*Asks:* 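Pasting a structure below so you can have a look.
The residues of the chain are indexed from 1 along the displayed sequence. All values reported here derive from a predicted model rather than from experimental measurement. In listed order, ligands and their atoms are each counted from 1. Values below: every heavy atom of this structure, side chains too, minus hydrogens, waters and symmetry copies.
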Amino acid sequence: MNKILSAKWIGRDIREIWVENAPVADKFKAGQFVVVRTGEKAERIPLTIVEASDGALRLIVQKVGYSTDILCSLKTGDFIRDVAGPLGQPSVIENYGRVACLAGGIGAAPLKPVLKALKEAGNHLTVLQGVRCKDHLIMEDELEVLSDSYILVSDDGTCGDKALITEPFKKLIENGEIFDKAFAVGPPPMMQAVSWITKEYDIPLTVSLNPIMVDGTGMCGACRVEVGDETKFACIDGPEFDGNLVDFPLLIGRLKTYLDEEKQIMKEGDGGCSCGN
Ligand SMILES: Cc1cc2nc3c(=O)[nH]c(=O)nc-3n(C[C@H](O)[C@H](O)[C@H](O)COP(=O)(O)OP(=O)(O)OC[C@H]3O[C@@H](n4cnc5c(N)ncnc54)[C@H](O)[C@@H]3O)c2cc1C
Ligand code: FES
């Protein structure tokens, strides 16, 4: 169990891993995730299940720190010590009508299964994908094929128009496009910026949150987020929440909690990418 059937780079510091785990693959629903550990004392890494097929899970991992670095160093034929899941609540999929789906950076991976489920439920999908630069662009063909309309933008203009993802989204609305619902997955500041627009235009928004998680079982409280006037645990109540009610400044602040320790533990990097990030 947990044998890596294939592992390859699909973008700058972004690795696609197919790992064998039939029990999780059989139960998985769009929006759920696994928690993986590469060794007995290793940190737990929450990762969205992008797809499941023939008893295997497709994971897309961005190397951002110590644990994801170790995971990304694994090769085809290696084993991942623990793959626990499926965890979290599945996405709430309905026939909403016209849906805007926004993917920022690695958010393309968690968004893909949601798009597939929304499409199967008969929704009209406008997909907006934003990346820092072309080196970070992943899965664009997979997102485009599921969409009725697809827009690509990048911060530096190396792929698609040079813009932040919120710019074409706002322009579409100002030009009369009606959205009955929006989904956004990406870095918290991007989801926060999307929520400013959805609040302004009264569009229901679902976001997939990525707070720091420790046990992933609702016991430690590390993943708590404020949604409206309620405290929720992303690992058991989420990871998807009403984006118009999430307290993003608090979430962003908490994600920075261990930054100094993470920097200390992180090995020497191999330089930035062509966009300078
Ligand atoms: C439900 C859920 C699903 C996720 N799905 C995916 C996925 O499909 N693919 C993927 O690549 N990542 C995903 N993540 C994020 C991933 O779990 C973290 O990037 C990883 O745990 C960081 O571990 P690290 O030790 O390598 O980095 P660290 O050394 O812990 O951190 C390095 C840098 O990453 C930032 N960071 C740490 N944890 C997170 C986090 N949870 N989210 C965003 N930034 C973080 C830190 O602030 C720091 O700047 C998901 C997170 C959650 C909660
Ligand atoms: S990760 Fe511990 S309560 Fe959610």
*Asks:* Let me check your reading of the structure: within less than 2.8 Å of atom 4 (Fe) of ligand 2, is there an N/O/S atom from C220?
*Replies:*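 It does not: C220 brings no N, O or S atom closer than 2.8 Å to atom 4 (Fe) of ligand 2.
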*Asks:* Going by the angle between their ring planes, with limits at 30° and 60°, are Y96 and F183 parallel, tilted or perpendicular?
*Replies:* perpendicular
*Asks:* Do the side chain of S154 and the main chain of C159 share a donor and acceptor less than 3.5 angstrom apart?
*Replies:* yes
*Asks:* Run the numbers for me: atoms of ligand 2, each under 4.0 Å from some heavy atom of G218, listed by number.
*Replies:*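 Those atoms are 3 (S).
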*Asks:* In the protein, which heavy atom is nearest to atom 3 (S) of ligand 2, and how far is it?
*Replies:*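 Answer, as residue, atom name and distance: G221 N, 3.1 Å.
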*Asks:* Determine whether the side chains of K181 and T206 contain a donor N or O and an acceptor N or O closer than 3.5 Å.
*Replies:* yes
*Asks:* For ligand 2, which atoms have a heavy atom of C223 less than 4.0 angstrom away?
*Replies:*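 Atoms satisfying the 4.0 Å criterion: 1 (S), 3 (S), 4 (Fe).
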*Asks:* Whether K116 and E120 form a salt bridge (side-chain N of Lys/Arg under 4.0 Å from carboxylate O of Asp/Glu) is what I want to check.
*Replies:*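 Salt bridge present between E120 and K116.
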*Asks:* Could you tell me, atom by atom, which parts of ligand 2 come under 4.0 Å of a heavy atom of G216?
*Replies:* 1 (S), 2 (Fe)
*Asks:* Please give me the minimum heavy-atom distance between C220 and V214, naming the atom from each residue.
*Replies:* SG-CB, 3.6 Å
*Asks:* List every atom of ligand 2 that sits less than 4.0 Å from any heavy atom of V214, numbering the atoms from 1 in the order shown and giving each element.
*Replies:* 1 (S)
*Asks:* For ligand 2, which atoms, with element, lie under 4.0 Å from some heavy atom of M219?
*Replies:* 3 (S)
*Asks:* Please find the N/O/S atom of D215 nearest to atom 2 (Fe) of ligand 2 and write down its name.
*Replies:* OD1
*Asks:* Mark up the atoms of ligand 2 that fall under 4.0 Å of a heavy atom belonging to C235, in ascending order.
*Replies:* 1 (S), 3 (S), 4 (Fe)
*Asks:* Using only heavy-atom distances, determine whether the side chains of T231 and E226 contain a donor-acceptor pair under 3.5 Å.
*Replies:*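 Note: T231 and E226 side chains meet the donor-acceptor criterion.
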*Asks:* Pair V153, F169 - check side chain to side chain contact (heavy atoms under 4.5 Å, CB included), show working.
*Replies:* CA-CA 11 Å; V153 293; F169 180 44; over 6 Å; no
